[in-house]
Amino acid sequence: MSSIIDTGRRSLLRASGTAVLSAAAVALLAGSERMAAQAQGTSQASDVQILNVALGLEHEAISAYAIAAGSGLVSKAVLPVAVQFQGHHKEHRDALIATIRKLGGMPVAARPDAEVATALNAKALKSQTDVLRLAQRLERGAANAYIGVIPSFSDRALAQVSARLASDETMHWVVLSQALGDSLPPKALFFGA
Amino acid sequence: MDTLLACAVVAVCMGPQLAAVDADRGKALWEAKCIGCHALDANRVGPLHRGVFGRKAGTAPGFTYSVAVRNAGFVWDETRLEKWLAGPAQFLPGSRMGFSVADPADRADIIAYLKSLSGG
């Protein structure tokens, strides 16, 4: 079975001072390296802007799951799933940071968890159901955001990455919806509509 | 008969323009499309949305805008929000939002919802 991580590239990344990347980050870079070799310009700057907005979303999601895990409202059965989802968002974050840097951009920094908690009105959360509802809402919003920016990317490889990120958020939404006992959407094409 | 036909033609041609906007539908659309980045009462990845209709662009307290939006120099109204949601990068090059709303009816309903939040 072939690996997507090329040993030569990994060495190059280490040699250039880049931290060890997740498999997802390397996969992203494999797509964006083509673009890095292409002409620089406004379209690339625009792509970096979009990626940075996506990075902001991922930072927020990581904080949101940390807030949820520390709230005392999440049961022992649900906690590992929340931690796993947070792990996915950390992989997204790392991949986005690596790509933004590769394209010559400056990745946006994460906001403190306390600021995110205020922005998400975390003090209103009183039960596990409240936590799951918030996560469900944010995951759907993130999936739709990733779908919604696909036409805006000038590089088709990045558009594909956006679709892959949207798929992960959709996966989270499905699990959260099942945990909440929600019915499936009655109609197709629920996301991105 | 000719009159009836003429009325039908006018109805077809003018339908989209005459269709009433639906702020309730706009709320549902906002919750599906905008909530990934925006909240009503707090800045998140994007600025807070309550009061955006009628607010000068780039002036939500505490939010750090792109230069393009900060220097836009206009007040958000139906026309500008319509252009923004149709294609932010085309309307204000250099802005950060890559998300657009393709359907004009969806845009109109979202704008109606945002307007309702401003007491409009």
Side-chain angles (χ1 to χ4, degrees), chain A residues 42-43 45-61 63-64 105 108-111 115-124 133-134 136-154 158-159 162 165-166 169 173 185 189-193, chain B residues 22 25-50 58 60-72 83-110 113:
Chain A
T42 310
S43 59
S46 172
D47 283 353
V48 168
Q49 295 261 47
I50 298 168
L51 291 171
N52 250 327
V53 171
L55 177 58
L57 271 179
E58 297 296 342
H59 283 318
E60 187 183 79
S63 289
V108 294
R111 300 163 73 190
E115 269 186 35
V116 175
T118 302
L120 298 178
N121 197 22
K123 68 172 188 278
R133 282 276 169 230
L134 174 63
Q136 182 198 40
R137 211 163 55 239
L138 294 176
E139 295 285 9
R140 182 188 178 198
N144 284 339
Y146 280 125
I147 293 167
V149 299
I150 285 173
S152 300
F153 280 112
S154 61
L158 293 176
S162 195
L165 292 164
E169 317 303 19
W173 180 88
L189 302 173
F190 177 73
F191 284 93
Chain B
D22 184 343
R25 182 171 175 273
K27 181 176 190 288
L29 287 166
W30 184 88
E31 287 174 354
K33 292 176 180 290
C34 308
I35 208 168
C37 297
H38 296 275
L40 290 182
D41 298 306
N43 295 322
R44 292 178 50 212
V45 176
L48 60 88
H49 268 174
R50 192 183 301 279
F63 189 79
T64 305
Y65 287 90
S66 64
V67 173
V69 175
R70 201 166 60 238
N71 293 340
K83 289 178 178 173
W84 172 256
L85 291 175
Q90 289 72 40
F91 181 52
L92 285 178
S95 56
R96 295 194 197 110
M97 194 167 95
F99 187 93
S100 57
V101 181
D103 186 332
D106 287 355
R107 294 198 295 270
D109 288 347
I110 290 170
Y113 172 58

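Letters A, B, ... are given to chains in the order of the sequence lines, protein chains preceding strands, and every chain is numbered from 1. Note that the coordinates shown come from a computational prediction; the quantities given were computed from them, not determined experimentally.
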No hydrogens needed, just list the donor-acceptor pairs between chain B and chain A under 3.5 Å.
from	atom 1	to	atom 2	distance (Å)
B/A32	O	A/N144	ND2	2.7
B/K33	NZ	A/A193	O	3.1
B/N43	O	A/R111	NH1	3.2
B/N43	O	A/R111	NH2	3.3
B/R44	NE	A/E60	OE1	3.2
B/R44	NE	A/E60	OE2	2.9
B/R44	NH2	A/E60	OE1	2.4
B/G94	O	A/Q49	NE2	3.0
B/G98	O	A/S152	OG	2.4

Notebook entry, point to check: Given a strict heavy-atom distance threshold of 4.5 Å, which part of A/A61 is in contact with chain B: side chain, backbone, both, or neither?
Noted result: neither
Check: By ring pair (Phe, Tyr, Trp, His ring centres under 6.0 Å), which residues pair with A/F153, not counting sequence neighbours?
Finding: none
Item checked: Smallest separation among heavy atoms of B/I35 and A/L138, with atom names -> O-CD2, 4.4 Å
Checklist line | Most chain A-contacting option - heavy-atom pairs closer than 4.5 Å, from B/A42, B/A39, B/G98, B/C37 | finding: B/G98
Next item on the list: List for me each residue that meets side-chain contact (heavy atoms from CB on, under 4.5 Å) alongside B/A108, sequence neighbours excluded, and say none if there are none.
Entry: B/V21
Item checked: A/I147, part contacting chain B, at a heavy-atom distance under 4.5 Å -> neither
